[in-house]
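Beneath this line is the structure, given in structure tokens, with notes to follow.
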Amino acid sequence: MILTKYGGVIRRYREFLPEIDDKHIVTLLEGNTPLIKSININKIINRDIEIYFKYEGLNPTGSFKDRGMTMAVSKAVSSGSKAVICASTGNTSASASAYAARAGIKSFVLIPEGKISSGKLSQALAHGATVMQIRGNFDDALVITREIAKDYEVTLVNSVNPYRLEGQKTASFEIIDELGAPPTHHILPVGNAGNITAYWEGYKEYFDAKKIDRLPKMLGFQAEGSAPIVLNHIVKEPHTVATAIRIGNPASWQKAVSARDESDGLIDSVSDEDILKAYSMLASMEGVFCEPASAITLAGLIKLNKRGFFKKGDVCVLTLTGHGLKDPGNAIKVSKEPVVVPCDKHSVLTVMGLA
Ligand code: AN7
């Protein structure tokens with residue numbers, strides 16, 4: 001058998017994506033991420049359902065943003081653009097700057113000062129972006145970015161760029177191709193609300209192509225302090241430990257509401273405390289290290305499960321949107337402290353409980 005080389009999400013799912021010349025494809029071989037079946041967490045939460053983690057932290061820059069960025073930057077390059085710009089809570093800037101570097105074009109990123117994790121900041125800097133820390137939040141940064149992209153020759157690569165969502169929908173295709181069927185429930189974090197919109201599009205397109213004969217319910221979660229969609233009003237000063245989703249006025253608000261309503265799903269919120277509990281559980285019980293914003297999916301599942309939401313046989317897929325190494329500070333904060341031990345065998349054995 002001849003194995004076809006993996007060529008990234010555009011080449012794999014070309015028939016479902018906007019047309020692009022092969023020579024313009026900018027890829028770091030994103031996508032093709034593992035769908036990991038939960039063993040230990042599944043057992044203690046609910047043995048009647050199946051839980052899977054779509055581990056998007058294993059994309060080239062460590063988050064799901066790469067699926068959309070390959071499409072957006074390829075299109076930018078094919079239209080002759082020499083620069084991209086984005087506002088970001090961190091992951092979009094990491095991804096945009098990496099794909100811009102790959103394409104040999106410039107990247108400009110606006111981030112809220114002091115409110116993005118060090119891993120993400122280091123990525124944008126390493127990839128050579130011009131990083132501007134603004135004294136405002138993500139929502140303020142997005143307003144400025146949109147205005148600049150409207151009037152100057154620099155391509156906006158936030159998820160208001162439709163090519164971003166086109167690329168991101170490929171995650172739904174992968175899940176169906178892997179499971180052979182859609183899950184009954186798909187759980188996602190909701191920040192700027194692009195990803196839940198993209199996943200829903202992906203499921204609907206596979207439905208229309210007759211690859212599946214039913215659709216999942218879309219379940220989105222926001223952090224309590226940044227929950228505009230749940231509250232049904234803009235949050236002027238959003239706050240949460242999950243800085244990736246510290247967004248008070250999501251760009252794809254209405255589309256996320258449509259995904260929720262069309263799928264008979266829901267968008268709810270959970271506390272920072274529960275996000276951090278789920279974050280620890282994923283790493284310590286399942287060996288899957290994701291960032292706090294990603295762990296909100298498990299916190300949400302636990303919340304719904306407690307009120308008897310799921311039925312026997314339900315299959316839940318949780319998208320773990322970003323890698324835990326993006327934000328090691330939080331892991332160190334919520335975990336057991338390392339033990340300082342004198343440099344001798346006996347002391348080590350004592351700590352191990354073997355002396
Ligand atoms: C890990 O990077 O908005 O609802 O500027 O980094 O599609 O916005 C990041 C969002 C979830 C929310 N999980 O997705 C940005 C940015 C992680 C994220 C989300 C983000 P959307």
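Every number for a ligand or one of its atoms is a count from 1 in the order of the listing. Reckoned from all heavy atoms, side chains included, excluding hydrogens, waters and symmetry mates.
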Does a donor on one side chain sit under 3.5 Å from an acceptor on the other, for [X] and [Y]?
| X | Y | answer |
| --- | --- | --- |
| His186 | Thr319 | yes |
| Lys326 | Asn91 | yes |
| Asn46 | Asn305 | yes |
| Asp261 | Ser258 | no |

For ligand 1, which of its N or O atoms have a protein N or O partner closer than 3.5 Å, and how long is each gap?
from, atom 1, to, atom 2, distance (Å)
ligand 1, 2 (O), Ser88, OG, 3.1
ligand 1, 2 (O), Thr89, OG1, 3.4
ligand 1, 2 (O), Asn91, N, 3.2
ligand 1, 2 (O), Thr92, N, 2.7
ligand 1, 2 (O), Thr92, OG1, 2.9
ligand 1, 4 (O), Gly191, N, 2.8
ligand 1, 4 (O), Asn192, N, 3.3
ligand 1, 4 (O), Ala193, N, 2.8
ligand 1, 5 (O), Ser88, OG, 3.0
ligand 1, 5 (O), Thr89, N, 2.8
ligand 1, 5 (O), Thr89, OG1, 3.4
ligand 1, 5 (O), Thr92, OG1, 3.3
ligand 1, 6 (O), Asn91, ND2, 2.7
ligand 1, 7 (O), Gly194, N, 3.2
ligand 1, 7 (O), Asn195, N, 2.8
ligand 1, 8 (O), Asn192, N, 2.7
ligand 1, 13 (N), Thr321, OG1, 2.6

- request: Could you check Glu56, Arg164, Gln168, Lys65 and say which one makes a side chain to side chain contact (heavy atoms under 4.5 Å, CB included) with Asn195?
  value: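 Between Asn195 and the candidates, side chain to side chain contact (heavy atoms under 4.5 Å, CB included) is satisfied uniquely by Gln168.
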task: For Asp272, check side-chain contact (heavy atoms from CB on, under 4.5 Å) against everything at least two apart and list the hits.
output: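 Asp272: side-chain contact (heavy atoms from CB on, under 4.5 Å) contacts with Ala223, Thr240, Val241, Ile275.
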